[in-house]
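All remarks here apply to the structure that follows.
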Amino acid sequence: MALRNADVAELIERLGDLYELDGAVVYRVLAYRRAARRIAEATEPVERLSVEGRLTDLPDVGATIAAKVEELRTTGTLASLERLQAKYPPGLVDVMRLPGVGAKTARRLFDLAGISSVEELREAAESGRIRELPRLSERTEQKLLAAIAAGAEPREREVLLDRAVERAAGLLAHLRAHPACVAADEAGSLRRRRETVGDLDLIAASDEPAALLAAFAELGRADDADVTAQGDSKATIVGHDGIQVDLRVVPPAAYGNLLQHFTGSKEHNVALREVAAARGLRVSEWGVEEVESGEVFRSEDEAAVYERLGYAWIPPELRENRGELEAARDGRLPRLVEVADLRGDLHAHSTASDGKATVAQMAAAARERGYGYLAITDHSAGVGMGIGLDAGQIREHAANIREHAAGLADEGFALLAGVEVDILADATLDLPDDVLAGLDWVVASVHGARGQTREQITARLVAAARHPHVDVIGHPTGRMLGRRDAYDVDLEAVIAACAEHGTFLEINSNPNRLDLKPTHARMALDAGVRLLINTDAHRTTTLRLIEYGVAQARRAWATADDILNTRTWAELSGLRKPGRPPGPRLVG
DNA sequence: GCCGTTTTCGGCCCGACTGTTTTCAGTCG
């Protein structure tokens with residue numbers, strides 16, 4: 001049975017949790033968590049790394065953890081995990097995960113009151129038994145009950161990126177309008193453009209932090225939010241929707257330091273500060289202090305902070321401690337793809353299937369964005385629910401698109417007659433070859449029969465990648481963030497097939513999808529597969545969501561050259577499989 | 001448990017806030 005990176009990472013993570021409950025020194029626990037993260041992010045299967053004895057090539061994975069993965073691979077179990085799981089009930093880890101509760105508190109609840117699950121904790125708190133315990137009060141009891149109640153509600157703990165961006169923009173507008181506010185910006189995972197955001201981190205510069213923090217808290221209360229912390233430089237509100245927003249404030253002179261500090265990630269900052277500490281520098285949100293002299297460097301400008309530490313400015317999307325610090329030190333940072341580099345969109349729908357705008361409206365919106373081409377790729381019938389088009393309808397639709405295209409070609413715009421053809425359960429495509437051969441652009445995607453086995457799903461995607469008329473695989477993993485997981489697929493096999501047959505892979509900009517995720521996108525690029533960034537737009541306004549796909553590509557270290565639709569249609573078309581039609585003949 | 005431009009042993013980022021306390025531990029990011 002295949003050993004998946006995500007599963008191995010989860011087990012190593014759990015082992016870390018249990019060691020923490022067991023009272024291990026924090027650095028040991030930290031080591032397990034770091035290793036788990038490296039394994040989850042590895043761009044090669046750890047099973048292969050284990051077989052070839054290369055596990056310790058991964059940073060933060062040493063001989064001990066490599067041996068544990070080896071044990072897992074050869075025996076299917078982990079003796080140390082079994083031992084600890086026998087010692088601590090599984091529910092105790094859930095108790096440890098409650099906000100405000102950590103390993104120490106969870107362990108004390110277990111040792112002193114025999115509490116081994118969230119449910120038992122709730123019962124004990126309700127019957128007033130928690131306040132009897134040393135160092136725990138009635139107030140704590142109430143907070144625990146509130147935390148349990150919040151956790152029991154089926155609300156999203158992670159917010160999708162587009163929603164986080166909008167929410168932050170609203171709050172920032174309020175903050176910037178405040179007289180005590182000199183500057184305010186987004187920070188944290190939001191600024192790094194992670195696909196989901198756990199809580200919103202905002203930062204501000206002010207000479208009167210108390211006034212600004214009070215205004216922020218007031219803003220929260222007006223919106224029915226709880227103010228869960230409010231100090232001299234920081235406040236936290238938790239909205240009725242469960243979204244937590246942190247605001248940190250420093251004097252304007254240290255705003256660049258704060259921006260650096262609070263953009264993170266934690267791993268990036270820890271690595272940066274470790275290197276700095278070895279050079280006698282202490283880095284915090286208040287400045288860079290030379291410990292020996294006591295001299296403190298502050299700047300309003302984030303780039304100056306990086307420069308003081310010996311680095312080029314690092315794009316926030318790269319700040320995950322995946323080699324960006326070394327690259328910034330040595331001047332090897334890539335020039336990442338930008339929204340302005342994109343010249344067209346090759347996955348969009350119209351009213352012919354489930355889109356909300358006509359072909360003409362979609363084409364006009366693409367031209368307004370300054371694009372040189374747009375592919376109309378309506379669904380084939382296999383998508384179901386009467387949405388898609390059969391072979392005859394597709395031919396008719398293509399003829400209709402080409403009528404529009406003829407006029408636009410005179411103005412140098414390529415409107416492509418395409419399709420998003422379903423990859424059916426039996427691994428065939430939903431339209432005959434002769435129909436596909438006659439279309440300018442073919443996206444092939446899986447929509448139905450998502451519950452098939454890994455072997456079946458992989459076989460479908462590999463067959464589509466091999467197909468001579470398929471240009472690109474659309475949303476390759478089929479995930480819908482917060483709603484459903486990716487289908488079970490051996491993406492490495494799909495990537496290998498794409499590399500061999502010259503099929504492209506799509507980064508889908510829809511904030512619900514955003515597949516490929518960065519590790520997979522990087523895996524594809526390393527295998528020599530070219531990527532496209534498409535919106536899969538169903539209306540004119542969603543063409544702008546390209547920014548989220550670009551952010552996702554940037555997180556994979558992608559340059560403009562790595563992304564096919566930074567090229568003109570003529571250039572791009574020449575890079576397709578042999579025999580694919582050239583599309584409309586442009587004039588001028 | 002991991003790691004090495006001081007090191008194969010002895011370090012391991014840094015600060016804010018809360019709660020129950022009179023100086024700090026626990027949690028969080």
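Only a predicted model underlies this, so the values are computations on that prediction, with no experimental measurement involved. Residue numbering restarts at 1 for every chain, and letters A, B, ... go by the order of the sequence lines.
A donor atom on one side chain and an acceptor atom on the other are found under 3.5 Å apart for A:T263 and A:R191. In this structure, a donor-acceptor pair under 3.5 Å is absent between the side chains of A:D162 and A:Y548.
In this structure, A:A24 reaches neither bases nor backbone, as no heavy-atom distance under 4.0 Å exists between it and the strands shown. No contact: A:N269 has no heavy atom under 4.0 Å from any strand. Residue A:K266 is classed as a base contact, given a heavy-atom separation below 4.0 Å to a base.
Near DNA chain B, meaning a heavy atom under 4.0 Å from it, residues 26-38 of chain A has A:Y27, A:R28, A:A31, A:Y32 in order of number. Contact check of residues 64-73 of chain A against DNA chain B (heavy atom, cut-off under 4.0 Å) returns A:T64, A:I65.
In this structure, A:R97 places its CZ atom 15 Å from C1' of B:dG26, rounding to the nearest Å. A straight line from CZ of A:R108 to C1' of B:dG26 spans 10 Å, rounded to a whole angstrom. Atom CG of A:L21 and atom P of B:dT27 are 11 Å apart (whole Å). Across the protein-nucleic acid pair, A:D201 atom CG and B:dA16 atom C1' stand 13 Å apart, rounded to whole Å. Distance, A:R248 CZ to B:dC14 C1': 10 Å, rounded to whole Å.
A:E47 has no carboxylate O lying under 4.0 Å from a charged side-chain N of A:R73, or vice versa, which leaves the two without a salt bridge.
Distance noted for atom C1' between B:dC12 and B:dC17: 24 Å (whole Å).
The side chain to side chain donor-acceptor pair (under 3.5 Å) test applied to A:E274 returns A:R34, not counting sequence neighbours.
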